[in-house]
J.: 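My questions all concern the structure below.
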Amino acid sequence: MCGIIGIVGTSSVQERLVESLKRLEYRGYDSAGVAGFAVDGVERRRAAGKLKNLEDVLAVEPLTATVGIGHTRWATHGPPTKGNAHPHRAGRVTLVHNGIIENFAELKATLKAEGRVFETDTDTEVVAQLLDRELSGKPPAEALKSTLDQVRGAFALAVMIDGEPDMLMGARRGPPLVVGYGKGEMFLGSDALAVGPFTNRIAYLEDGDFVVIDHNSAKVFDAEGHPAQRAVQTVPQSATLMEKGNYRHFMEKEIHDQPEGCQRTIAAYVDTLTGHAAFPGGIDFATLERIQIVGCGTAYYAGMLGKYLIERLADLPVDVEVASEFRYREPSLHAGSLVIAMSQSGETADTLAALRYCQAKGMKSAAVVNAVGSTMAREVDVVWPIHCGVEIGVASTKAFTAQVSVLAALAVAAARARGRIDSAEEQRLVRVMLEAPRLMAEAALAEDAIRKLVPELARARDVLYLGRGAMFPLALEGALKLKEISYIHAEGYAAGELKHGPIALIDEATPTIVIAPSDPLMEKTLANMSEVAARGGPIILVTDAEGAKHAAPGMKVIIGPACDPFIAPLVYAPPIQLLAYHVAVHKGADVDQPRNLAKSVTVE
Ligand code: G6P
């Protein structure tokens, strides 16, 4: 979604606002804007499109302010024009907003009836107008409180009030907002990353909080308006670092970071000395009746993989569902189940709502998250961090394999607790898991072979991905990666389903990517591959050396290492991701910021 920054500084804020917006651009990049207090009033600069356009504007018309706010937008209400770009102004109010104001239409009608004139198509402007109205006769914090009492929806705000040049206000209901503590300077930001260049001392606002900051302090109030204390934490440097190194794109770096990332993840969930899965959090897997996993996008596919691993190994029923559907279909749940929210950001609105839905039904809750300060992490009974470091590329890669690693360790721990495997088998599986990072690195060596296949794939309009067993969720994830960043239509299918529909799509212009490393199902998948070949469809087979022997002459093959099927989804993820990455690069697409997408989707 959108990204927010606010700085009560002692020196010019322009450069720092822009630096912060660069870090927030992963949340949205339709338009950007900044505003600050100049000697003679508020100065504001906005531009449609990428942040670069705003920088061009600022080069001609710089800000002079030492106190200001900034915003990068992922449009919800109104097209991404300059006029709809934040900050928005009304009377004495200038503000930036992340989220959605659900009752904006009725509020707008009332405010219009009162004679207020609107300049934009956004829901945000309603908040600015409303707050300006509330300011007459009330001090700023009180006016903000009564504004917040009138708006419905999920939002985070950073606000400047004319005549209060040493103060900013913030509020959150739903999307996150952090307060950063500097030396004689204070900050508001959508996340730790946003304020990372300025401070690592951060307080996370609770849902419903609003805050007033000046140069030296933050006064926090809860939803009822009572003063509240929110602990100031020192966040680890890894939460504020954002470097591409020698890579062209964050996504490329993050793909190659995976072996190291997964090593960290796996080491957190297995005891490397004893060879046991040491799953923290005190969940009794022996008596647990069911697991309900909820997530969106890539996190959902990681959850699906978890289902395959956990059910097979531990004989523990696992339901997986996209969070956006789950919460509205009134699913049948029971209190003996554990809900696991899968989410890199820990902020995805649908996943959060699904999690809360389960909690309200009395279910115990866990979150598999990357952002340990996130809302989900704070609201669950147990947090299982994925430890893969900050992920910037909008298309998720290293978070995926780290999420799968956590669930693989959970499968082993649950299987042991339920007596489905003995200690020797547990130790064997842990050894297999510890092998995964090295094999993932080996699989990524197929990159040169992958590059050669790219021109043909980049010409395709449609691409099919096929897999069986645990390779099916990986096929779904492969297709998602390709469509997200290269804009080629792609579908993942269970290989056995091919003949029930998608086979009708096969022709010489529709490549099929078959993911089939050696396992007990490989031959069945290869039979499906033959069905495609028989109809003239071009095939790229992703397999190991043994599987490659089954490739027909002339068939394109990407060869990865042989591995235990238990870790094959981890080992074969990097080549699948690299394939999508190189197709997108070949097409000249903006890999790290694909059109219309945002990394952290904090609206429904
Ligand atoms: C967005 C991103 C995806 C991500 C999904 C879920 O759609 O573009 O890459 O998988 O949100 O995000 P989460 O932070 O909950 O894992």
Side-chain angles (χ1 to χ4, degrees), residues 1-3 25-30 74 76 98 154 174-176 190-191 193 249-251 254-255 261 293-306 320-327 339-356 366-377 379-380 383-404 406-407 473-474 476-487 492 573 576-577 580-581 584 589-604:
M1 291 305 86
C2 308
E25 226 184 350
Y26 76 93
R27 300 176 76 92
Y29 30 82
D30 290 337
W74 186 81
T76 57
N98 167 27
S190 291
D191 55 25
L193 208 56
H249 299 99
F250 280 108
M251 182 181 177
E254 286 159 4
I255 291 172
I293 299 179
V294 288
C296 300
T298 291
Y300 165 63
Y301 294 141
M304 235 174 126
L305 264 163
V320 194
E321 192 161 338
V322 282
S324 52
E325 280 300 309
F326 176 83
R327 64 156 156 160
V339 58
I340 303 180
M342 300 291 299
S343 177
Q344 188 283 130
S345 63
E347 301 292 350
T348 300
D350 286 317
T351 309
L352 185 58
L355 169 68
R356 288 174 176 161
V368 175
V369 293
N370 201 17
V372 286
S374 60
T375 310
M376 283 180 219
E379 292 193 6
V380 288
V383 185
W384 290 319
I386 61 173
H387 298 292
C388 69
V390 177
E391 188 183 66
I392 302 295
V394 166
S396 185
T397 52
K398 67 176 180 177
F400 173 71
T401 44
Q403 287 161 341
V404 174
V406 173
L407 295 180
L474 190 58
L476 292 168
E477 172 60 8
L480 177 64
K481 286 286 89 76
L482 189 72
K483 68 185 130 189
E484 274 182 311
I485 59 171
S486 74
Y487 316 136
I576 295 300
Q577 297 159 341
Y581 170 75
D590 191 343
V591 172
D592 282 333
Q593 296 179 343
R595 71 183 179 210
N596 305 339
L597 295 179
K599 183 146 192 72
S600 175
V601 183
T602 50
V603 294
E604 272 188 54

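In listed order, ligands and their atoms are each counted from 1.
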J.: Evaluate the criterion side-chain contact (heavy atoms from CB on, under 4.5 Å) for residue pair Trp384 and Ile340; output intermediate values, then yes/no.
T.: CA-CA 10 Å; Trp384 290 319; Ile340 303 180; 3.9 Å; yes

J.: Pairs of nitrogen or oxygen atoms, one from ligand 1 and one from the protein, closer than 3.5 Å: please tabulate them with distances.
T.:
{"from": "ligand 1", "atom 1": "8 (O)", "to": "Ala598", "atom 2": "O", "distance (Å)": "3.1"}
{"from": "ligand 1", "atom 1": "9 (O)", "to": "Val394", "atom 2": "O", "distance (Å)": "3.1"}
{"from": "ligand 1", "atom 1": "10 (O)", "to": "Thr298", "atom 2": "N", "distance (Å)": "3.0"}
{"from": "ligand 1", "atom 1": "12 (O)", "to": "Thr348", "atom 2": "OG1", "distance (Å)": "3.4"}
{"from": "ligand 1", "atom 1": "14 (O)", "to": "Ser343", "atom 2": "OG", "distance (Å)": "3.4"}
{"from": "ligand 1", "atom 1": "14 (O)", "to": "Gln344", "atom 2": "N", "distance (Å)": "3.4"}
{"from": "ligand 1", "atom 1": "14 (O)", "to": "Ser345", "atom 2": "N", "distance (Å)": "2.8"}
{"from": "ligand 1", "atom 1": "14 (O)", "to": "Ser345", "atom 2": "OG", "distance (Å)": "2.6"}
{"from": "ligand 1", "atom 1": "14 (O)", "to": "Thr348", "atom 2": "OG1", "distance (Å)": "3.4"}
{"from": "ligand 1", "atom 1": "15 (O)", "to": "Ser343", "atom 2": "OG", "distance (Å)": "2.6"}
{"from": "ligand 1", "atom 1": "15 (O)", "to": "Thr348", "atom 2": "OG1", "distance (Å)": "2.5"}
{"from": "ligand 1", "atom 1": "16 (O)", "to": "Gln344", "atom 2": "N", "distance (Å)": "2.7"}

J.: Which residues pass the side chain to side chain donor-acceptor pair (under 3.5 Å) test with Asn370, not counting sequence neighbours?
T.: Gln344

J.: Sequence neighbours excluded and cut-off under 3.5 Å, please list the side-chain donor-acceptor pairs for residues 389-399, or say none.
T.:
{"from": "Glu391", "atom 1": "OE1", "to": "Ser396", "atom 2": "OG", "distance (Å)": "3.0"}
{"from": "Glu391", "atom 1": "OE1", "to": "Lys599", "atom 2": "NZ", "distance (Å)": "2.7"}
{"from": "Glu391", "atom 1": "OE2", "to": "Ser396", "atom 2": "OG", "distance (Å)": "3.3"}
{"from": "Glu391", "atom 1": "OE2", "to": "Thr397", "atom 2": "N", "distance (Å)": "2.9"}
{"from": "Glu391", "atom 1": "OE2", "to": "Lys398", "atom 2": "N", "distance (Å)": "3.1"}
{"from": "Glu391", "atom 1": "OE2", "to": "Ala399", "atom 2": "N", "distance (Å)": "3.0"}
{"from": "Lys398", "atom 1": "NZ", "to": "Cys388", "atom 2": "O", "distance (Å)": "2.9"}
{"from": "Lys398", "atom 1": "NZ", "to": "Val390", "atom 2": "O", "distance (Å)": "3.1"}

J.: Salt bridge (Lys or Arg N to Asp or Glu O under 4.0 Å) with Glu25: which residues, sequence neighbours excluded?
T.: none

J.: Among Val404, Leu476, Val320, which residue meets the side-chain contact (heavy atoms from CB on, under 4.5 Å) test with Leu305?
T.: Val404

J.: Tell me, do Met251 and Lys481 make a side-chain contact under 4.5 Å, heavy atoms counted?
T.: yes

